[in-house]
Colleague: 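I have a structure I would like to understand better, so I am pasting it below and will then ask my questions one at a time.
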Amino acid sequence: MSKPSIPQGTRDFGPEVVRKRQYIFNTIRSVFELYGFQPLETPAMENLETLMGKYGEEGDKLIFRILNNGLDNTGKHQQAREDFEKVLEGKNVKGITERALKYDLTIPFARYVAMNQGQLTFPFKRYQIQPVWRADRPQRGRYREFYQCDADVVGSKSLLNELELVNIYEEVFVKLGIADYELRINNRKILAALAELCGGADKMIDITIAIDKLDKIGIDKVKEELAQRGLNEEQITTIEKYLNITGNNREKLELIKTLIGHLETGSKGIEELEYVINNNQIQNQRSPIIIDFTLARGLNYYTGIIFEAKAPPAVKMGSIGGGGRYDDLTGLFGVPNMPGVGISFGVDRIYDVLEELKLFPEGVYTGTQVLFFNLGPAESITAFSAMQSLRNQGVRCELYHEQAKMDKQFKYAEKKNIGFVVIIGSQELLNNTAVVKNLKTGVQESMALANLSNKLFI
RNA sequence: GAGGUUGUAGCUCAGUUGGUUAGAGCGCUAGAUUGUGGUUCUAGAGGUCGAGGGUUCGAGACCCUUCAUCCUCCCCA
């Protein structure tokens, strides 16, 4: 038999890692709840047609499709063969595959809103923390199965939502100890105005894809790519002028006004940015919101303000969260005029940041608080009973599974990072006492069994 | 989809131009220590050298195939 393995790009999470991940999830969840968002879960799989065509041509290729069951049914062989021929031509055929693993949380959410619009109270604020799957080639920080943490508000055009989402970023990252993250902000309307200035709205996608890479490949390569994508020299010069805007937020806003302020979309976009910057309610903010006109974000359904949270410069991790506003989330599912705005946290990267900066709190590692030693048949029963009364008080305990030398039981406690051991041996049994030892300090004390429940095992 | 890297003990890795019986550290088990962990010392277990084929008197090493892995590009979180 060959060694067992797991599919490419997937991971097992051992106890310690799960604890750390849950710490992140719980922190994010508690903030979402604090801001009035409600939980939503959708199935791991969706109908293939729900997902196809929503993520662009590349995206479609990365959707994991699920093979239909029953293809080996002899009566249907002929049909299955014909259908498979079509699959070989790159088509999707219901006879072969009609379901797929979900690719993100946004489209299933849109599908849910479209299906349940009659029952929902708008604006609908939901958060969703679930795994998604992509048939991408795995590499550093990229997996085929990973979790997304999204919060969206749909059914509201108010920029108050943007202000709230900015505060959510701040609150989550401060709670996690990543106070020196950077929140960058831009507006798709400004990018649209830039495209307009460069001769056509149809250029917008080309422009955003190219300038989104600026910090990765540099201005020269971006210009190259723009040329490759069919922009002429004059247009590229305009874009370069746009990308060269620097200064503090106020200076940037003044400069952008001279460039695209005369265009309707442009001035609207600038206005929205000013609103968010000027009304930001974050108290004692350590790192201010940075207007970054080079921020583009790949997803094309964004139409307004866009966000990107960057890890502290010290860790070179890049983006740890992102989001933005969209005008029409559910139009593809037959429900028009449903605007919304949402953000997302990149849990795997946040994990790496916390690990690298050693920001996980000490308490994350401890599961069991107290280990009861097993020093004999009668001793273990007394220990069991004492343990149960501690458990009834909410103290996390376990009893060593079999009689063994103390040496071994100590090592077990140490490995499991258990802070306290309770020793009940033959002497303690006679006296109705127990020895409690703090493994971190090495201090131990003897006490009456009855007093054990008064002890604080912290 | 394109290109590259690495596969040797549970883990991290040595292993010379191809040469006897494949090593180290950590971990594991036992003992020194019959009621006190972390330190130390001693002993022990543990390998189809990723898999299959080839070259050779002889392959962990060279060649081919295959699988896995990690990384880069495209794209994305």
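Keep in mind the model is a prediction, meaning the values are calculated, not measured. So you know, we letter chains A, B, ... as the sequences are listed, proteins then strands, and number each from 1.
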Colleague: Per the side chain to side chain donor-acceptor pair (under 3.5 Å) rule, which among Arg229(A), Lys223(A), Lys221(A), Gln228(A) passes with Glu225(A)?
Modeller: Arg229(A)
Colleague: When you measure from the side-chain N and O atoms of Lys213(A) to the phosphate of C75(B), is any distance below 4.0 Å, counting only OP1 and OP2?
Modeller: yes
Colleague: Between A45(B) and U34(B), how many Å separate the two C1' atoms, rounded to a whole number?
Modeller: 26 Å
Colleague: So which nucleotide from G37(B), C76(B), G35(B) ends up closest to the side chain of Arg134(A)?
Modeller: C76(B)
Colleague: Base, sugar-phosphate alone, or nothing: which one does Gly59(A) contact when heavy atoms must sit under 4.0 Å apart?
Modeller: nothing
Colleague: If we take the P atom in both U65(B) and U40(B), what is their distance in whole Å?
Modeller: 49 Å
Colleague: Parallel, tilted or perpendicular: which fits the ring planes of Phe410(A) and Phe373(A), with parallel below 30° and perpendicular above 60°?
Modeller: perpendicular
Colleague: Would you kindly compare Lys415(A) and Glu428(A) by the position of their nearest RNA chain B nucleotide and give the one closer to the 5′ end?
Modeller: Lys415(A)
Colleague: Is a donor-acceptor contact shorter than 3.5 angstrom present between the side chain of Gln444(A) and the base of G37(B)?
Modeller: no
Colleague: Taking only the side-chain heavy atoms of Glu58(A) (C-beta and beyond), determine which of C75(B), A30(B), G37(B) contains the nearest atom.
Modeller: C75(B)
Colleague: Looking at C75(B), U72(B), U36(B), which one has an atom nearest to any side-chain atom of Asp136(A)?
Modeller: C75(B)
Colleague: Between C71(B) and Arg142(A), counting only base atoms on the nucleotide and side-chain atoms on the residue, is there a donor-acceptor pair under 3.5 Å?
Modeller: no
Colleague: Between Ile343(A) and Ile168(A), is there a side-chain heavy-atom distance shorter than 4.5 Å?
Modeller: yes
Colleague: Hey, does the Lys NZ or Arg CZ of Arg29(A) hover above the aromatic six-ring of Tyr127(A), less than 6.0 Å from the centre and inside 45° of the axis?
Modeller: no
Colleague: In terms of side-chain heavy atoms of Arg137(A), which of U72(B), C76(B), U36(B) is nearest?
Modeller: U72(B)
Colleague: I need the CG-C1' distance between Leu375(A) and G37(B), as an integer number of Å.
Modeller: 14 Å
Colleague: Within the 4.0 Å heavy-atom criterion, would you say Glu225(A) contacts the bases, only the backbone, or no part of the nucleic acid?
Modeller: nothing
Colleague: As a test of reading the structure: which of G37(B), U69(B), A77(B) is closest to the side chain of Gln8(A), going by heavy atoms?
Modeller: U69(B)
Colleague: Give a yes/no verdict on a cation-pi contact between Arg126(A) and Phe37(A), requiring under 6.0 Å between NZ or CZ and the six-membered ring centre and an angle within 45° of the axis.
Modeller: no
Colleague: Taking the six-membered ring of Tyr103(A) as reference, does the cationic atom of Arg134(A) (NZ for Lys, CZ for Arg) lie under 6.0 Å from its centre and within 45° of its axis?
Modeller: yes
Colleague: Taking atom P of G38(B) as reference, at what distance in whole Å does atom CG of Asn417(A) sit?
Modeller: 16 Å
Colleague: Look at the side chain of Gln409(A) against the base of U36(B) and say whether a donor-acceptor pair falls under 3.5 Å; ignore hydrogens and angles.
Modeller: no
Colleague: How far, in whole Å, is U16(B) from C62(B) if one measures between their C1' atoms?
Modeller: 15 Å
Colleague: Roughly how many Å apart are U5(B) and C71(B), using the C1' atom of each and rounding to a whole number?
Modeller: 7 Å
Colleague: Quickly work out the Leu429(A) CG to G35(B) C1' distance and round it to whole Å.
Modeller: 14 Å
Colleague: Under 4.0 Å, counting only non-hydrogen atoms across every strand here, what does Gly321(A) touch: a base, just sugar-phosphate, or nothing?
Modeller: nothing
Colleague: Determine, for Phe13(A) and Arg21(A), whether the Lys NZ or Arg CZ falls below 6.0 Å from the six-membered ring centre while staying within 45 degrees of the axis.
Modeller: yes
Colleague: Closest to the Ile423(A) side chain: C71(B), A77(B), U36(B)?
Modeller: U36(B)
Colleague: Checking contacts here: which listed nucleotide (C75(B), G38(B), G35(B)) is nearest the side-chain heavy atoms of Lys411(A)?
Modeller: G38(B)
Colleague: Distance check, P atoms only: G60(B) and G18(B), in whole angstrom units.
Modeller: 13 Å
Colleague: For C49(B) versus U6(B), give the span between their C1' atoms, rounded off to a whole number of Å.
Modeller: 14 Å
Colleague: May I have the distance from Tyr55(A) (atom OH) to C76(B) (atom C1'), rounded to whole angstrom?
Modeller: 13 Å
Colleague: Expected output check: what is the dot-bracket annotation of RNA chain B, where ( ) and [ ] are pairs inside the strand (brackets for crossing ones), | is paired with another strand, and pairs are Watson-Crick or G-U under 3.5 Å?
Modeller: ((((.((..((((.....[...)))).(((((.......))))).....(((((..]....))))))).))))....
Colleague: Return the nearest nucleotide to the side chain of Arg140(A); candidates are C28(B), A77(B), C71(B).
Modeller: C71(B)
Colleague: Counting only side-chain N and O atoms of Lys408(A), is one of them less than 4.0 Å from OP1 or OP2 of U36(B)?
Modeller: no
Colleague: For the pair made of CZ in Phe146(A) and P in C75(B), what is the distance, rounded to whole Å?
Modeller: 17 Å
Colleague: With Glu46(A), which of Lys102(A), Arg111(A), Lys54(A) fulfils salt bridge (charged side-chain N to carboxylate O under 4.0 Å, His left out)?
Modeller: Arg111(A)
Colleague: For atom P, what is the distance between C13(B) and U55(B), given to the nearest Å?
Modeller: 34 Å
Colleague: At less than 4.0 Å, is any side-chain N or O atom of Gln139(A) found next to OP1 or OP2 of C70(B)? Yes or no.
Modeller: no
Colleague: Using the P atom as the reference point in each nucleotide, state the distance between U20(B) and G38(B) in Å, no decimals.
Modeller: 41 Å
Colleague: Between Tyr400(A) and Phe372(A) (judged by ring centroids, cut-off 6.0 Å), do the two rings come close enough to count as a pair?
Modeller: no
Colleague: Please check the phosphate of G35(B) (OP1 and OP2 only) for any side-chain N or O of Lys437(A) closer than 4.0 Å.
Modeller: no
Colleague: Compare the minimum distances between each of C76(B), G37(B), C75(B) and the side chain of Phe410(A), then state the nucleotide with the smallest one.
Modeller: G37(B)
Colleague: Specify the separation, in whole Å, of atom CG of Asp352(A) and atom P of A77(B).
Modeller: 17 Å
Colleague: Here's a test of your reading of the structure: between Lys405(A) and Ser344(A), which maps to the more 5' nucleotide of RNA chain B?
Modeller: Lys405(A)
Colleague: Over how many whole Å does the gap from Phe420(A) atom CZ to U36(B) atom C1' extend?
Modeller: 16 Å
Colleague: Got a salt bridge between Lys125(A) and Asp152(A), using NZ or NE/NH1/NH2 to carboxylate O under 4.0 Å?
Modeller: no
Colleague: Give the nucleotide from the list A30(B), G35(B), A77(B) with an atom nearest to the side chain of Val435(A).
Modeller: G35(B)
Colleague: Identify whether any heavy atom of Phe373(A) sits under 4.0 Å from a base atom; if not, whether one sits that close to sugar-phosphate; answer base, sugar-phosphate or nothing.
Modeller: nothing
Colleague: Which whole-number value in Å describes the distance from Glu57(A) CD to G1(B) C1'?
Modeller: 12 Å
Colleague: Return the orientation label for the Phe173(A) and Tyr181(A) ring planes: parallel under 30°, perpendicular over 60°, tilted otherwise.
Modeller: tilted
